[in-house]
Amino acid sequence: MKHLPKHVRPRWRYLAVGIETWPGASLSRGAFQREAWYAAQNLLGDAGSADADVTVVRFSHAAGAGEAAVRARRDEVDATRAALACLDAVDGTPVGLRVRGVSGTIRACEERYLGRAGGIRDERDVVFGTDRRRGHARDGAVDIETPSGFVGATDADISDT
Amino acid sequence: MSDGPGADGTDGVSDAAGTDDASDDGGTSHPPYEAVTAHPEGDATVSRYVRAAREYGFGGVVVRTRGAEFDADALESRYGVDVVPAVEIAADAPDSASGSVGNFRPEFPLLSVRGGTDALNRFAVEQDRVDVLARPMAGDGDFNHVLAKAAATHGTRVEFDFGPVLRASGGRRVKALKGLRKLRELVFQYDAPFVVSGRPASHLELRAPRDLVAVGEAVGFPADAVRAGLAEWGRLAARNRERQSDSFISPGVRLGGCEEDDR
């Protein structure tokens, strides 16, 4: 269909979202989009989520850190922010999520808030408490494998073996 | 158009800069705080929370877990985030809670009682020594006008628990939202003091202050109330630290040095 004249096109905003997971988790764009829509629908209802849009337009995730750009209608930025805050897991994988900022174009969103994916990951044996554990370090943060699952720590909590 | 991203960027900066107020007791506005469950009860250590909190724009972290090991001063100087050691008393009945309150009150600048039954909720709001009644609507807990008035009289902060709003779904979430609405109406009606928390159990469950404000607005809280509720943790901590200090005698009375001129 012929595209709309400029003055009647919807005004979009793009929310830059920082994503964090435990190391080894893999997130796909499709799954993230589905969960984002679920979160919006559950919080805002069908009408509200249709208004908000919540389309994932950029997505990347690797080694426990990722980022995305999520499109929202201009008037619905706060509703979208709320919906994204309620996105707590993707396919059962817990995700930490934060809106880094909001831009008027995808390009500004990328230049300003995206593309700072996270540092060098390093996997080594560390001593956490009194036990020897496997640690996944990045940028001062260390995720430690314990029998009951991962524990988030920093380099101050561990000592090297 | 360009105002949007600019405003967002600068807001993040001013949030971070706002942490300076935390050390200054005279400051009237406190930065947002979050009250967290740390390792060994939660899945992240205090320092990991503090690291995330700085990035998310929190001015402070309240550690609900008594067993957590951390050096508050070292973390504060490294990350510039205020760290408040606290205790959340989880008891089955008021009499055992009462013993714990007596034991822990002198040690911690912030003391909360985990509600969730009518008896515990009532106990917490009628105690001057309790700072916060945590998650009153969880489990079988309920709240009414009598408790709201008592909370206002005794200065017990009632916690609005955003945890189920952020992480539950379906019927459990609907029930939690109903509870929050009832609690909100009563607390606002009787002007009871309150705090707001997402009750994160790992750094992945932490959400930024602005995001919590947006969630609050989506479920019917005024934005200002959510901000005030997040800042209230810091205000409480500052007040109690002052009360714990050696120079404090009673409200309005403090031990001061003699002025040089009097000699």
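Nothing here was measured: the structure is a model prediction, and the numbers come from that model. Quick note on labels: first sequence line is chain A, next is B, and so on, each numbered from 1.
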Peer 1: Assess whether a salt bridge exists between Arg64(B) and Glu159(B), defined as any Lys/Arg side-chain N lying under 4.0 Å from an Asp/Glu carboxylate O.
Peer 2: yes
Peer 1: Give the member of Ile19(A), Asp155(A), Leu44(A) that has the highest number of heavy-atom pairs under 4.5 Å with chain B.
Peer 2: Asp155(A)
Peer 1: Quick one, Phe150(A) and Ser202(B) - any side-chain contact, counting heavy atoms below 4.5 Å?
Peer 2: no
Peer 1: Inspect the contact between Asp88(A) and Arg167(B) and indicate whether a charged nitrogen and a carboxylate oxygen are less than 4.0 angstrom apart.
Peer 2: no
Peer 1: Given a strict heavy-atom distance threshold of 4.5 Å, which part of Thr80(A) is in contact with chain B: side chain, backbone, both, or neither?
Peer 2: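 Contact with chain B involves no heavy atom of Thr80(A) at all.
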Peer 1: Checking heavy atoms, do the side chain of Val142(A), its backbone, both or neither come under 4.5 Å from chain B?
Peer 2: backbone
Peer 1: Got Arg210(B) and Val99(A) here, is their nearest side-chain heavy-atom distance under 4.5 Å?
Peer 2: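 Not in contact.
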Peer 1: Is Ile144(A) close to chain B through its backbone or its side chain, or both, or neither, when contacts mean heavy atoms under 4.5 Å?
Peer 2: neither
Peer 1: Heavy-atom distances under 4.5 Å only: say whether Glu69(B) touches chain A with side chain, backbone, both or neither.
Peer 2: neither
Peer 1: Is Ala141(A) close to chain B through its backbone or its side chain, or both, or neither, when contacts mean heavy atoms under 4.5 Å?
Peer 2: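 Both parts, backbone and side chain.
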Peer 1: Inspect the contact between Asp75(A) and Arg73(A) and indicate whether a charged nitrogen and a carboxylate oxygen are less than 4.0 angstrom apart.
Peer 2: no
Peer 1: Taking the side chain as every heavy atom from C-beta outward, state whether Phe160(B) and Val165(B) have any pair of such atoms under 4.5 Å apart.
Peer 2: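 When only atoms from C-beta onward are counted, Val165(B) and Phe160(B) do not touch, as no gap falls below 4.5 Å.
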Peer 1: For the interface with chain A, which of Val46(B), Leu166(B), Val213(B) has the highest count of heavy-atom pairs at distances below 4.5 Å?
Peer 2: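 The answer is Leu166(B).
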Peer 1: Which one wins on heavy-atom pair count under 4.5 Å against chain B: Ala83(A), Gly96(A), Gly152(A), Ala89(A)?
Peer 2: Gly152(A)
Peer 1: For Val219(B), is it the side chain, the backbone, both or neither that has a heavy atom under 4.5 Å from a heavy atom of chain A?
Peer 2: side chain
Peer 1: Need one label for Arg51(B): side chain, backbone, both or neither, based on atoms under 4.5 Å from any heavy atom in chain A.
Peer 2: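 Answer is side chain: those atoms of Arg51(B) sit under 4.5 Å from chain A.
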Peer 1: Tell me, side chain or backbone of Phe128(A) under 4.5 Å from chain B's heavy atoms, or both, or neither?
Peer 2: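 The answer is the side chain of Phe128(A).
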Peer 1: Between Gly170(B), Ala168(B), Ala214(B), Ala218(B), which residue shows the highest count of heavy-atom pairs closer than 4.5 Å to chain A?
Peer 2: Ala214(B)
Peer 1: If you measure from the Lys or Arg side-chain nitrogens to the Asp or Glu carboxylate oxygens, is any gap between Asp143(A) and Arg138(A) under 4.0 Å?
Peer 2: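 Arg138(A) and Asp143(A): not salt-bridged.
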Peer 1: For the pair Arg199(B) and Glu205(B), find out whether any cationic side-chain nitrogen is under 4.0 Å from an anionic carboxylate oxygen.
Peer 2: no
